[in-house]
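None of the values given here were measured: they were computed from a predicted structure.
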Amino acid sequence: MPAQHAVSTGTATSPRPTADRRLLIDGRLVGAENGLTFPSVNPANGQVVGYAPDASVAEAEGAVAAARRAFDHTEWSSDIGLRVRCLDQLYKALLEHSEELRELTIAEVGATRMLTEGPQLDNPIKVVGYYADLLKQYSFAEDLGTVESRGQRHHRWVEKEAVGVVAAIIAYNYPNQLALAKLAPALAAGCTVVLKAAPDTPLVTLAIGELIAERTEIPAGVVNVLSGADPHVGAVLTTSPDVDAVTFTGSTATGRRIMAAGSETLKKVFLELGGKSAMIVLDDADFTSAAMMATFMITSHAGQGCALMSRILVPHNTIDEFVELLTQNFAMVSFGDPSDPNNYMGPLISERQRDKVDSMVRRAVSAGAKLVTGGNKVDPGFFYEPTLLTDVDPDSEVAQEEVFGPVLVVMGYDDDDDAVRIANNSIYGLSGGVFGSHDRAVAVARRIRTGTLSINGGDYSGPDCPFGGYKQSGIGREMGVAGLEEFLERKTFAVAVQ
């Protein structure tokens, strides 16, 4: 992998900056054919980390064509042994280059070192190992037995085969997790892939592409990795008739547009979208544990996670007690340079995102919410104080819309039924949590319309655990056996037997 190097930001008369990373198209690592690049900025200090190639529409079309050829004219989709070997090679390469990827993730994504030891890097690498192992024992056929029909016996069975060419489009917040949770199962299934990096965090995704090209036997065209700031590049992936399936992680608004675009060719579309997850704290809960989890979840990666619980529901008569615990906890959250292991929270990804978060907080206060703590920008970089709001109307913007920042709202409820009603009062249904006595908490959790639930701090994340949402939080599942089967078609056979 090429080393990072200092690059001039350039002026109208200075030379064009060279790319620090390369696209992967049809087995070749290349710069953009037009020579254009765009900067990736360190959100902790606003400085340029490096430059990524700005792929053109023609290059996106070339990547799709390469993936189509690789699927139609190589043994990739039928050679399970090759796929196992290549996934094992990728897993080993990621482990061997994990420290380089860690430093790049900290600098480009603004992820703290602690997060890279979990969901930002180390856990995503385990996803590749999981699918390599799953593929070694997964059955692509199911025998349905023999039946009598029309005076004759018929033997029936089902075979599962790759869906085809997959366009994978990812968001900026957890680029390693999002890329590998799409790549690994798609490759295990026998698909070929065009992976598009998020414009805010392209370098770490391109680095994965370089490892694929340089450290694995994955055939040319099976994996293609693009970066680009032109939205028309993404449009190629969602509209091309040569793409059989689209898997996208990002905002619900963009997901709606992708689903509409894919409908023209009736593509399979998997969407992992927004969330406005609620934590219900029952009156018999351990308030200290619940408040601790609420605090450190909403400040994890500065609140830039679709599954983070951003609404806390507590009994009306305990709001003051719970808010006091949260206030004390918020004061303990250290934030700043994410490369400093003493900091728990890093920055927001950009000034644009920070302005959005700040505007939502200001509007909430204007609408009657009480700002308990936080609500301020912190420079340099794109930091925002951990922010706590109370007296929030459950139907208000800040209680309904995804903030994607370290902003927590606390709302009261009357009884368990009221808590469930408020929690389900959302277009989203991605995640949630319940704290309380075991049987009661489980009973309440079963009534929440979301794809994942944490009970008394339970951890549902892991390569073997399906992840995805109800309602407008998405379609389909990533991770686990379900994540593999999203990329498979089922073909039913029947043969008449004597």
| Does the pair D244 and R68 meet the rule for a salt bridge (Lys or Arg N to Asp or Glu O under 4.0 Å), with working shown? | CA-CA 9 Å; D244 300 295; R68 185 78 264 167; 2.9 Å; yes

Is it true that the side chains of [X] and [Y] contain a donor and an acceptor less than 3.5 Å apart?
X: Y174; Y: T249; value: no
X: N176; Y: T105; value: yes
X: K276; Y: S426; value: no
X: R257; Y: T254; value: yes

Expected output: side-chain [X] to main-chain [Y] donor-acceptor under 3.5 Å:
X: N42; Y: V49; answer: no
X: Y428; Y: Y470; answer: no
X: S240; Y: V236; answer: no
X: N343; Y: P338; answer: no
X: T112; Y: H301; answer: no

| Under the side-chain hydrogen bond (donor to acceptor under 3.5 Å, both in side chains) criterion, do S350 and Y172 qualify, and how do the steps go? | CA-CA 11 Å; S350 64; Y172 68 79; over 6 Å; no

Lys/Arg N to Asp/Glu carboxylate O, [X] vs [Y], below 4.0 Å:
X: E142; Y: K160; value: no
X: E486; Y: R477; value: no
X: K377; Y: E351; value: yes
X: K126; Y: D122; value: no
X: R354; Y: D358; value: no
X: D133; Y: K136; value: yes
X: E59; Y: R22; value: no

Determine the minimum heavy-atom distance between [X] and [Y], stating which atoms define it.
X: A399; Y: R311; answer: O-CD, 3.2 Å
X: A58; Y: E33; answer: CB-OE2, 3.6 Å
X: P241; Y: T265; answer: CA-CG2, 4.2 Å

[X] atom [atom1], neighbour heavy-atom count above 12 within 6.0 Å:
X: K268; atom1: NZ; value: yes
X: E75; atom1: CD; value: no
X: R156; atom1: CZ; value: yes
X: R28; atom1: CZ; value: no

| said: Under the criterion side-chain contact (heavy atoms from CB on, under 4.5 Å), I'd like the reasoning laid out for L23 against S227: C-alpha separation, chi angles, the key distance, then a yes or no. | reply: CA-CA 7 Å; L23 309 171; S227 61; 3.6 Å; yes

Could you tell me the separation between the [atom1] atom of [X] and the [atom2] atom of [Y], rounded to the nearest 0.5 Å?
X: L87; Y: Y130; atom1: CG; atom2: OH; result: 13.0 Å
X: S431; Y: Y460; atom1: OG; atom2: OH; result: 3.0 Å
X: T116; Y: L104; atom1: OG1; atom2: CG; result: 11.5 Å
X: L348; Y: K356; atom1: CG; atom2: NZ; result: 10.0 Å

| Should the pair F493 and W157 be assigned to parallel (<30°), tilted (30 to 60°) or perpendicular (>60°) ring geometry? | parallel

| field | All pairs passing salt bridge (Lys or Arg N to Asp or Glu O under 4.0 Å) where residues 459-473 contributes a residue, at least two apart | value | none

| query | Regarding R83 and the six-membered ring of Y138, is the cationic atom NZ or CZ under 6.0 Å from the ring centre and inside 45° of its axis? | reply | no

